[in-house]
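In what follows, a single structure is set out as structure tokens and then discussed.
First listed ligand is number 1; within each ligand, the first listed atom is number 1.
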Amino acid sequence: MIELTYSRATDAEDAVGRAAGGQGRYLGGGTNLVDLMRETVETPSALIDVTGLSREIAPTADGGLLIGSAARNTAVAEHEAVRSGYPMLARAIVAGASAQIRNMATVGGNLLQRTRCTYFYDTDGARCNKRVPGDGCDALEGFNRMHAILGTSPACVATHPSDMCVALVALDAVVHLQSASGQRTIDLCELHTLPEERPDIETVLEPGELITAVELPAPNPAERSTYRKVRDRSSYAFALVSVAAALELDGDAIAGARLALGGVAPKPWRARRAEEALRGQPATEAAFLEAADAELADARPLAGNAFKVELARRTLASVLVQLTEGARP
Ligand SMILES: Cc1cc2nc3c(=O)[nH]c(=O)nc-3n(C[C@H](O)[C@H](O)[C@H](O)COP(=O)(O)OP(=O)(O)OC[C@H]3O[C@@H](n4cnc5c(N)ncnc54)[C@H](O)[C@@H]3O)c2cc1C
Ligand code: SF4
């Protein structure tokens with residue numbers, strides 16, 4: 001029996017105050033944290049329930065959208081402003097987990113859910129640098145079909161599991177944070193870190209720092225966008241590869257693209273090389289494949305997941321072809 005306390009925060013300041021001292025963990029829907037506690041991967045001494053914080057989804061002064069961190073995933077996906085202005089986000093959310101889990105899961109918890117690497121959850125002898133720094137990594141020579149091909153290190157090759165985050169990084173989302181020292185905002189692209197030598201450090205958050213909201217910039221009406229997830233089953237499966245893409249055409253040329261990949265990296269992967277390669281190019285499949293090649297040039301596949309390089313390449317190109325066809329009169 002591991003002793004722990006449970007309390008419910010009334011607002012952000014109250015939550016941060018309760019977390020002072022560093023031993024407390026914020027509890028959203030609990031769909032990830034409770035599993036981690038059951039497996040004794042995480043053993044917090046205090047749970048601070050933050051589901052009573054803002055779950056409002058409201059327009060911002062500059063035409064964007066502010067989503068409270070306690071908003072449930074389902075509420076976000078079903079919100080009219082999300083469905084009309086940010087369809088890739090709605091699609092990404094419903095591509096994740098199951099209806100029951102999406103009803104429970106919060107925006108804050110989705111951003112900070114942890115990897116689904118099976119060795120990370122296996123506390124019965126598996127070696128894992130993320131769980132026990134310096135222990136080793138059994139995934140390197142083990143079952144690594146689901147693991148990452150970009151942004152990995154010799155210490156860790158796990159993927160970030162979120163679908164929602166992939167759409168959010170493509171949408172240039174900004175995260176609102178609160179801690180004892182005040183409030184700040186950061187680009188979601190900067191929230192998650194790559195493993196390098198310290199896979200146990202997964203974000204740039206300070207101890208006890210709370211996510212209070214996610215802000216989306218105003219939608220670009222000239223863009224067409226979508227989210228496609230490739231997985232082993234049509235539901236209840238994490239991505240082998242996923243693509244969030246927004247494309248703006250100027251005649252037959254590409255005026256701009258915002259692209260992100262999921263299922264291939266330790267963080268939601270903004271595909272900036274591909275975006276750069278596409279700018280000003282004709283909107284053809286050949287150009288899309290070349291851009292995908294640019295993005296994947298540094299891929300480091302493992303024994304079990306070399307297929308992901310070609311899968312990511314083809315999925316990215318196929319999504320862009322789909323968007324191009326939809327954009328032409
Ligand atoms: C069977 C199964 C299948 C799944 N399939 C998918 C899938 O296909 N795609 C996908 O994207 N996800 C999938 N998920 C994961 C699911 O989306 C996450 O578990 C969920 O989004 C986590 O949200 P939560 O509110 O329950 O977080 P919790 O479990 O409550 O918390 C997760 C983490 O976030 C921290 N946290 C929570 N709120 C805050 C806050 N406001 N500020 C700071 N820290 C906070 C917690 O301390 C904890 O570390 C699956 C989960 C399960 C169990
Ligand atoms: S890939 Fe990362 S999470 Fe998985 S066993 Fe290795 S160190 Fe642990």
Side-chain angles (χ1 to χ4, degrees), residues 9 12 15-16 19 24-37 41-42 44 47-51 53-55 68-73 76 92-98 100-122 126-144 146-148 152-167 175-179 191 195 198-200 202-203 205 208-214 229 231-233 235-239 242 262-263 266 268 302:
V16 168
R25 297 297 304 275
Y26 298 125
L27 180 69
T31 61
N32 187 214
L33 182 55
V34 173
D35 281 353
L36 290 163
M37 290 168 65
V41 177
E42 296 206 30
L47 287 182
I48 301 137
D49 187 333
V50 289
T51 55
L53 272 58
S54 172
R55 53 180 68 180
S69 64
R72 305 286 180 176
N73 288 186
V76 179
I93 293 172
V94 297
S98 65
Q100 292 87 344
I101 291 168
R102 295 193 297 270
N103 288 343
M104 286 298 292
T106 61
V107 166
N110 193 309
L111 261 52
L112 295 187
Q113 62 174 296
R114 305 193 71 190
T115 184
R116 292 281 157 173
C117 172
T118 46
Y119 302 103
F120 175 62
Y121 286 76
D122 180 0
R127 293 178 310 148
C128 172
N129 286 322
K130 190 184 278 298
R131 188 164 31 78
V132 183
D135 199 29
C137 169
D138 274 349
L140 286 173
E141 304 295 329
F143 184 75
N144 49 37
M146 296 298 293
H147 286 69
T152 56
S153 75
C156 181
V157 290
T159 54
H160 192 273
S162 171
D163 288 294
M164 187 179 85
C165 285
V166 181
V175 187
H176 290 234
L177 302 169
Q178 185 156 344
S179 69
L191 175 69
R198 291 293 306 273
D200 54 313
E202 296 173 352
T203 70
L205 295 185
E209 199 160 14
L210 176 76
I211 297 173
T212 56
V214 170
K229 178 176 180 178
R231 51 188 152 171
D232 286 327
R233 291 187 302 268
S235 75
Y236 220 48
F238 290 92
S242 69
L302 303 157

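Contact annotation for I101 and ligand 1: only side-chain heavy atoms (C-beta onward) come within less than 4.0 Å of the ligand. At a heavy-atom distance under 4.0 Å, no atom of C165 approaches ligand 1. Contacts between R131 and ligand 2, counted as non-hydrogen atom pairs separated by less than 4.0 Å, are absent for every part of the residue. Counting heavy atoms closer than 4.0 Å to ligand 1, residue S69 contributes side-chain atoms (C-beta onward) but none from N, CA, C or O. No part of A239 comes within 4.0 Å of ligand 1, judged by heavy-atom distances. Under 4.0 angstrom from ligand 1, the non-hydrogen atoms of R116 all belong to its side chain.
Backbone and side-chain nitrogen or oxygen atoms of G29 are examined, and one is located within less than 3.5 angstrom of a nitrogen or oxygen of ligand 1.
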task = Check step by step if side chain to side chain donor-acceptor pair (under 3.5 Å) holds for Q100 and N103.
result = CA-CA 5 Å; Q100 292 87 344; N103 288 343; over 6 Å; no
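The shortest contact between atom 2 (Fe) of ligand 2 and any protein heavy atom is with C156 SG, 2.3 Å. Counting protein heavy atoms only, atom 8 (Fe) of ligand 2 is closest to C128 SG, 2.3 Å. For atom 5 (S) of ligand 2, the nearest protein heavy atom (residue, atom name, distance) is Y119 CB, 3.4 Å. Atom 26 (O) of ligand 1 has as its closest protein heavy atom T31 OG1, 2.7 Å. With hydrogens left out, the protein atom closest to atom 34 (O) of ligand 1 is L112 CB, 3.3 Å, a heavy atom.
C117 lies close to atom 4 (Fe) of ligand 2, since one of its N, O or S atoms is found at a distance under 2.8 Å. Among the backbone and side-chain atoms of C137, an N/O/S atom is found under 2.8 Å from atom 6 (Fe) of ligand 2.
Between D135 and R127 there is no salt bridge, since no side-chain nitrogen of the basic residue lies less than 4.0 Å from a carboxylate oxygen of the acidic one.
In plain terms, the two heavy atoms of A237 and K229 that are nearest each other are O-NZ, 2.8 Å.
Within ligand 2, counting atoms from 1 as listed, the ones closer than 4.0 Å to a heavy atom of N129 are 7 (S), 8 (Fe). Residue G30 has at least one heavy-atom neighbour below 4.0 Å for each of these atoms of ligand 1: 24 (P), 26 (O), 28 (P), 29 (O), 30 (O).
Using a 4.0 angstrom heavy-atom cutoff, K229 counts as in contact with ligand 1. Residue contacts with ligand 1 leave out A92, since none of its heavy atoms falls under 4.0 Å from the ligand.
The heavy atom nearest to atom 1 (S) of ligand 2, out of those in D200, D138, V157, is found in V157.
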